[in-house]
Amino acid sequence: GILALPNPALAGYLAPHSTSLVIDIGWSGSRAIVVYERNPVFRSYHSCPFGLRQVVERFREILLEDDQLDVTSTMTPGNGSRPVPPKAAKEIIIQIPPETLGRLCIPLLIAPDIKDDDMKDDDMKDDMKDHIKEPLPKKQGASKVRFSVTSEQMRATFSIGVSPEARREAVNVLFLGAHLPGDGPSLSEAAAKAVRACDSAVRAKIGASQ
């Protein structure tokens, strides 16, 4: 026979634990479901209207609020980079399409604060290098990471620095909840509702699997 599963439940089959809380963060919304002994608990399924689109929008706002925006430009490969004036830097940020900004910055926003020394696995290094063009400085702990965007119209590549504080604040939009009535629960509220929808034995096993 065929067992139809909601997409988030599929992740539970890849986890080392047979029982877990699975959270799926999508572009326009997120959802949570409990998987018990490899079987989805359908009554635990809850969603929220906060997804990566809101993270990217908040990230753009944070960059535009920074009067000392860290943007450098390279007009011709090999000629080095030069700082972009704040007003021009903000125009560059405004012109980046949401999907492009999301593709470039999401790996920076959701990745933990790591140093180059901590990246022991070669595959992990290669994957991160696809997105992080300049590694974190050694011996400085969590510092700025950078992503690059190329403008065909301006015939230049721009490198944009992102601080740990900006990264954390952008992701927090998933967990702060709605500020206006009717916006719906936050991701953490949806996850809590998913767990509360289960009986005590399932909740206890979820806690033991963390």
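Computed from a predicted structure; not experimentally measured. Position 1 is the first residue of the sequence; numbering continues from there.
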Review point. For Val145 and Arg167, what are the C-alpha separation, side-chain angles and deciding distance, and is it a side-chain contact (heavy atoms from CB on, under 4.5 Å)?
Key: CA-CA 10 Å; Val145 291; Arg167 295 165 62 188; 4.0 Å; yes

**Study point:** Residue from Arg53, Arg60, Gln54 passing side-chain hydrogen bond (donor to acceptor under 3.5 Å, both in side chains) with Glu57
**Key:** Arg53

Over all atoms of both residues, closest heavy-atom pair of [X] and [Y]:
X: Ala191; Y: Ile23; result: CB-CD1, 4.1 Å
X: Ser44; Y: Ile33; result: OG-CG1, 3.5 Å
X: Thr19; Y: Val202; result: CG2-O, 4.5 Å
X: Ala166; Y: Val162; result: CB-CG1, 4.2 Å

Review point. So Thr72 and Phe158, side-chain contact (heavy atoms from CB on, under 4.5 Å) or not? Walk me through it.
Key: CA-CA 6 Å; Thr72 59; Phe158 301 98; over 6 Å; no

Practice item. Ignoring hydrogens and angles, state whether a donor on the side chain of Arg146 or Ser159 is under 3.5 Å from an acceptor on the partner side chain. Key: yes

Exercise for review: State, without any angle test, whether Thr74 and Thr157 hold a side-chain donor-acceptor pair at a distance under 3.5 Å.
Suggested key: no

Is there side-chain contact between [X] and [Y], with at least one heavy-atom pair below 4.5 Å?
X: His46; Y: Arg31; result: no
X: Pro49; Y: Ser28; result: no
X: Ser30; Y: Leu187; result: yes

Review point. If you draw a 6.0 Å radius around CD in Glu65, do more than 12 non-hydrogen atoms from other residues or ligands fall strictly inside?
Key: yes

If I take atom [atom1] from residue [X] and atom [atom2] from residue [Y], how far apart are they, to the nearest 0.5 angstrom?
X: Leu174; Y: Ser186; atom1: CG; atom2: OG; result: 9.0 Å
X: Cys48; Y: Phe175; atom1: SG; atom2: CZ; result: 9.0 Å
X: Ile93; Y: Phe59; atom1: CD1; atom2: CZ; result: 7.0 Å
X: Glu189; Y: Lys193; atom1: CD; atom2: NZ; result: 6.5 Å
X: Ile160; Y: Leu63; atom1: CD1; atom2: CG; result: 7.0 Å
X: Leu21; Y: Tyr36; atom1: CG; atom2: OH; result: 15.5 Å

Check your understanding: Is the backbone of Ala197 close enough, under 3.5 Å, to the side chain of Arg43 for a donor and an acceptor to pair up by distance?
Key ->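 Present.
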
Review point. Quick one: do Asp66 and Lys90 make a salt bridge, cutoff under 4.0 Å?
Key: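 Looking at Asp66 and Lys90, the cut-off is not met.
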
Check your understanding: Under the side-chain contact (heavy atoms from CB on, under 4.5 Å) criterion, do Val41 and Asn39 qualify, and how do the steps go?
Key -> CA-CA 6 Å; Val41 182; Asn39 294 303; over 6 Å; no

Check your understanding: Side-chain heavy atoms under 4.5 angstrom apart, residues restricted to Ile, Leu, Val, Met, Phe, Trp, Tyr: same cluster for Val71 and Ile62?
Key -> no

